[in-house]
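To start, the structure under review is shown below, and the notes come after it.
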Amino acid sequence: MKSIKLLALCLFITFSMPVSAVSKEYSENPDRSVWLCALDRIAEPLLSNLAKGELRKNMPVESSNKDIEGRKLCTYLEALGRIMTGIAPWLELGVDETKEGQLRKKYIDLSILSITHAVNPDSPDYMNFNRSSQPLVDAAFLAHGLLRARTQIWDKLDKATQSRVIKELKSSRVIRPYNSNWLFFSAMVEAALKELDGEWEYEQVRHAIDSFDKWYKGDGWYGDGEMFHFDYYNSFVIHPMLFEILEICRKHGIKTSIKHETEKLRYARYAEEQERLISPEGTYPVIGRSLAYRFGAFYALSDVAYRKLLPARVTPAQVRCALTCLISKQINAPATFDPDGWLRIGIAGYQPSVGESYISTGSLYLCSAVFIALGLPPDDPFWTAPAADWTSKKAWSGVDIDCDKALGK
């Protein structure tokens, strides 16, 4: 009995300790170290198991959906696509002799093996890209990740695996997207096929852009379909995928109904608003669906910082410090992980009622999208500038701040 109690105590201590206390520090920069330790803690069980062909065997599948077998049909691709979209810019920095560089080497190697298993029909972890509707979502996230790590991941896949990836992405075309943010999943797959294979079905891209041109609501916000939804889907999907797709269209000389420069202004404004949503304590409004994606809600803010599109009123340092506070708060909430290190459903810890019926364990790994800014190297001003308070922290401590201004177009 004593030994059981001791084991329980050890597990409690381990899984309630700050992330930096249970992982090695990979950077002399304290904020970057927090981000890297969080990334490592999230990604390690997922990619280390998949790289061995043991993800299906070892990853638990939790969902409020009574059709758990239906969720199992999709959850593994969800996990892979979402982790790759978040860590890809960091992987693209490549390998060096630093602790961080060696950590990247580990995850580059694991990612290559993982993708190889995911598209190999003979692997126990061969993934579903075309049965039911959900695989279209995560084919798009995986495709986006491959574009972001073109050198370190895509170019290092063997030719057979590259061909299999292309085949699987094309197979997702049988899934018709809903008239919502889902239009960008089809468009993202096609944009990736254009880049990786040279051919695409451009009509899917055009339709997505034209639809969202009509659904723009003002001040950096798009409707999710014709109606406005007060949630984080402008961050989870709409802005990051739209901007990437417009970049590819511009590269190929294709004119679009939403101009690249127009979206650049809208994206920057939306990110500015996101920065203001982070409270002095590192919390944010609990509004809308898919809150179990945790700090993935700030995907857009991290991506805008990574792309160096922040408006002049928002400094990289205040974004870094705001996101560090937010990441620390959520990842260190007790019971965020199960005893084997897998993410559990919740916002601050384990809160299973937060998970809609489409949420399962694999879905949760979209939280990794916040790590986009790790693609900025350690010597970038985003990381090296002195710490700075973010807008809400300044405002609620009595500091005089500038007036906020809506985007005029």
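Count residues from 1 along the sequence. When reading the values below, keep in mind they use all heavy atoms of this one structure, side chains included, and skip hydrogens, waters and symmetry mates.
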Does [X] reach the main-chain N or O of [Y] with its side chain, forming a donor-acceptor pair under 3.5 Å?
X    : Y    : answer
S163 : K159 : yes
H239 : G220 : yes
R313 : E272 : no
E190 : E201 : yes
S392 : R276 : yes
R56  : P124 : yes
Y216 : D219 : yes
N120 : T116 : no
Q152 : L93  : no
Q204 : S186 : no

Please examine the side chains of [Y] and [X], heavy atoms only from C-beta on, and report whether any two atoms are closer than 4.5 Å.
X    : Y    : answer
T256 : V205 : no
F185 : V189 : no
Y270 : E273 : yes
L374 : W383 : yes
T75  : Q134 : no
T361 : L343 : no
I287 : D231 : no
K194 : K251 : no

Does [X] have any side-chain contact (heavy atoms from CB on, under 4.5 Å) partners at least two apart in sequence or in another chain, and if so, which?
X    : result
N65  : S63, D67, R71, S357
D389 : K393, K394
P121 : Y126, R164

Practice task
Look at R307 together with E247 and state whether they make a salt bridge at an N to O cut-off of under 4.0 Å.
Solution key: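 Judged by the 4.0 Å cut-off on N to carboxylate O distance, R307 and E247 do form a salt bridge.
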
Exercise for the section: Check salt bridge (Lys or Arg N to Asp or Glu O under 4.0 Å) between R148 and all other residues, then give those that pass, not counting sequence neighbours. Expected result: D303

[X]: which residues meet the side chain to side chain donor-acceptor pair (under 3.5 Å) condition with it, sequence neighbours left out?
X    : answer
W90  : E100
S64  : none
S302 : none
K170 : D197

Practice task
Taking atom CD of E199 as the centre, report whether more than 12 heavy atoms of other residues, nucleotides or ligands fall under 6.0 Å from it.
Solution key: no

Handout entry: Spatial distance of atom CG (L147) from atom CG (L196) [nearest 0.5 Å]
Key =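 Answer for the CG-CG pair, L147 versus L196, is 5.5 Å.
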
Problem - Gap between atom NE2 of H229 and atom CG of N181 - 0.5 Å precision - result: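 Here the rounded value is 9.5 Å.
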
Handout entry: Qualifying salt bridge (charged side-chain N to carboxylate O under 4.0 Å, His left out) pairs with a residue from residues 366-387, counting only residues at least two apart or across chains
Key = K308-D380

Completion exercise
So the salt bridge (charged side-chain N to carboxylate O under 4.0 Å, His left out) pairs with at least one residue in residues 118-143 (sequence neighbours excluded) are R82-D138

Compile the donor-acceptor pairs under 3.5 Å between side chains in residues 401-408 and protein atoms, sequence neighbours left out, one pair per line.
{"unit_1": "D404", "atom_1": "OD1", "unit_2": "R269", "atom_2": "NH1", "d": "2.9"}
{"unit_1": "D404", "atom_1": "OD2", "unit_2": "R269", "atom_2": "NH2", "d": "3.2"}

Exercise for the section: List the steps, then state whether side chain to side chain contact (heavy atoms under 4.5 Å, CB included) holds for Y202 with I254. Expected result: CA-CA 10 Å; Y202 176 66; I254 298 169; 3.3 Å; yes

Would you mind writing out the side-chain donor-acceptor pairs for residues 345-355 within the sub-3.5 Å range, not counting sequence neighbours?
{"unit_1": "Y350", "atom_1": "OH", "unit_2": "E62", "atom_2": "OE2", "d": "2.5"}
{"unit_1": "Q351", "atom_1": "OE1", "unit_2": "I347", "atom_2": "N", "d": "2.6"}
{"unit_1": "Q351", "atom_1": "OE1", "unit_2": "A348", "atom_2": "N", "d": "2.8"}

